[in-house]
Amino acid sequence: MKVKARMKKELAEVKLLAQHPMESGFRKDKNTGELIPAKYIRELTCKHKDKVVFIANFSHSISKNPYLSFSFSGGLKGDQLTLSWIDNTGETLSVEAVIK
Amino acid sequence: MNNRRLILLSMIGLMSSLGSMLLFPRAAFAKWIAAAFEAKTTDKALVGLFNNKEIIESDRILLKIPEIAENGAVVPVNINTDLPNVETISLFAEKNLHPLSAAFTIPKGTTPNVSVRIRLAETMNVKAIVKSDGKLYSTQKEVKVTIGGCGG
C-alpha cells in the first residue's frame, strides 16, 4: 500500500493506493469458464495516535487497487498514521506512514 | 502429520484470526452493514443502512463524477459537502449488482470530503448520501458508461 500523508494548512491530507485485485466473485476465467473467487477489501481504517480518523467499507464495486483520499484535523507534521485493511478472506495488511 | 505439528498449525491459525480481530475490534463487517452490501437494489440497501429514515435531496453535497466514463472499471468519484457534523457518507451505483459501493465513516475532526474509484457496469445513476446532524441528505448524477467495468 502506497501512502502519502502531508499537512495542507491545518489538515492532514492522506492519499493512498492499496494493492488488491478487488475481485468481485462474479467474473469468469476466460480460459476455464470457472468463476474467479471473490477477493476484495471489506474495510480500510486509518488511525492517528490510537484514534480512528477514517473508515471505508467497500463492496466489490470498488476498482482494482483501491485509491482513497481523505483529510482530518488534529494531526501534525511528523505524526505517525496506521493504515490497515481486511478483505473478505480475512487477509489483513497494516502499514505505517508519517505525516510530512 | 504428527500431533505436535497439528497443534502448532492450529495455534498459528488461531493466533492470526485473533490478530485480525485485534486490528478490527468492530468485527470486520458488522452484520448490519453486511446486509446493506448484499442488497440488490438501492432501496433495499437504504433500508439496510438507514431503516426507513427520510432522505432529503440537497445541493450542499458536491458529487464530482465524469458525465461520460470511458472505462467503467475505473470511475473517479469525489464527494464533498459543507453540511455540518457529518457521520457517514455512502455511495450507491444503482444498476450495479450490489448498488451499495462504499460506506465511509467520518469521525469528528475528519473532513467530509472523500475520493475513491468505483466500477460501473453500465450507464446509471450514482447517488451519494450524507448523514449530517442525524439527518440524511442525498444527491445524484447520471454517468454514461462506454465500456462496462464489471468484466466477465
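To find a chain, count down the sequence lines: A is the first, B the second, and so on, and within it residues start at 1. The figures that follow rest on heavy atoms only: side chains count, while hydrogens, waters and symmetry mates do not.
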Problem set entry | Heavy-atom pair count under 4.5 Å with chain A, highest-scoring of B:Gly149, B:Pro99, B:Ala102, B:Ala103 | B:Ala103

Problem set entry | Verdict with reasoning, A:Asn57 to B:Phe104, per side-chain contact (heavy atoms from CB on, under 4.5 Å) | CA-CA 6 Å; A:Asn57 283 111; B:Phe104 303 105; over 6 Å; no

Exercise. At a heavy-atom separation under 4.5 Å, does B:Val75 approach chain A through its side chain, its backbone, both, or neither?
Worked result: backbone

Exercise. If you round to the nearest 0.5 Å, how far is CG of B:Leu91 from CZ of A:Phe58?
Worked result: 10.5 Å

For this session: Please name all residues satisfying ring-ring contact (aromatic ring centres under 6.0 Å, His included) with A:His48, sequence neighbours left out, ordered by chain then number.
Result: A:Phe72

Problem set entry | Flag side-chain contact, heavy atom, 4.5 Å: B:Thr105 against A:Phe54 | no

Exercise. Looking at side-chain heavy atoms only, is the closest gap between A:Tyr67 and B:Val74 below 4.5 Å?
Worked result: no

Seminar exercise, completed: Looking only at heavy atoms, the pair that brings A:His60 and B:Arg119 closest together is O-NH1, 2.8 Å

For this session: Report whether A:Met7 and A:Val3 are members of the same hydrophobic cluster (ILVMFWY, side-chain heavy atoms less than 4.5 Å apart, transitive linking).
Result: yes

Exercise. Is it true that A:Val14 and A:Met1 fall in one hydrophobic cluster, defined by side-chain heavy atoms closer than 4.5 Å?
Worked result: yes

Exercise. Hey, any chance B:Ile79 and A:Leu11 share a hydrophobic cluster, counting ILVMFWY side chains that come within less than 4.5 Å of each other, even indirectly?
Worked result: no

Exercise. Would you say the side chain of B:Leu100 lies within less than 4.5 Å of the side chain of A:Ser59, judging by non-hydrogen atoms?
Worked result: no

Problem set entry | Atom CG of A:Leu35 with >12 non-hydrogen neighbours under 6.0 angstrom | yes

For residues 59-71 of chain B, which side-chain donor-acceptor pairs fall under 3.5 Å, sequence neighbours excluded?
residue : atom : partner : partner atom : Å
B:Arg60 : NE   : B:Asp82 : OD1          : 2.9
B:Arg60 : NH2  : B:Asp82 : O            : 3.2
B:Asn71 : OD1  : B:Ala73 : N            : 2.9

Exercise. If you measure from CD1 on B:Ile118 to OG on A:Ser61, what distance do you get to the nearest 0.5 Å?
Worked result: 7.5 Å

Exercise. Is there a path of hydrophobic side-chain contacts, each under 4.5 Å between heavy atoms of I, L, V, M, F, W or Y residues, that connects A:Ile41 with A:Ile36?
Worked result: no

Problem set entry | For chain A, which residues of residues 130-139 of chain B have heavy atoms nearer than 4.5 angstrom | none

Exercise. Near B:Lys141 NZ, under 6.0 Å, is it more than 12 heavy atoms from other residues, nucleotides or ligands?
Worked result: yes

For this session: Identify which part of A:Lys51 has an atom lying under 4.5 Å from any heavy atom of chain B, answering side chain, backbone, both or neither.
Result: side chain

For this session: Using non-hydrogen atoms and a 4.5 Å limit, figure out which bit of B:Leu97 sits close to chain A: side chain, backbone, both or neither.
Result: side chain

Exercise. Do A:Lys64 and B:Arg117 have side-chain heavy atoms sitting under 4.5 Å apart?
Worked result: no

Between side-chain atoms of residues 107-114 of chain B and protein atoms elsewhere (two or more places apart, or another chain), which donor-acceptor pairs fall under 3.5 Å?
residue  : atom : partner : partner atom : Å
B:Thr110 : OG1  : A:Val53 : O            : 2.5
B:Thr111 : OG1  : A:Ser71 : O            : 3.4
B:Asn113 : OD1  : B:Asn78 : ND2          : 2.9

Exercise. Quick one: do A:Leu81 and A:Leu17 end up in the same hydrophobic cluster if we chain Ile, Leu, Val, Met, Phe, Trp and Tyr together by side-chain heavy atoms under 4.5 Å apart?
Worked result: no

Problem set entry | Closest non-hydrogen atom pair, B:Cys150 against A:Arg27 | O-CG, 3.5 Å

Exercise. Is chain B contacted by the side chain of A:Leu68, its backbone, both, or neither, given a heavy-atom distance below 4.5 Å?
Worked result: both

For this session: Could you look at A:Leu16 and say if it's the side chain, the backbone, both or neither that has a heavy atom under 4.5 Å from chain B?
Result: neither

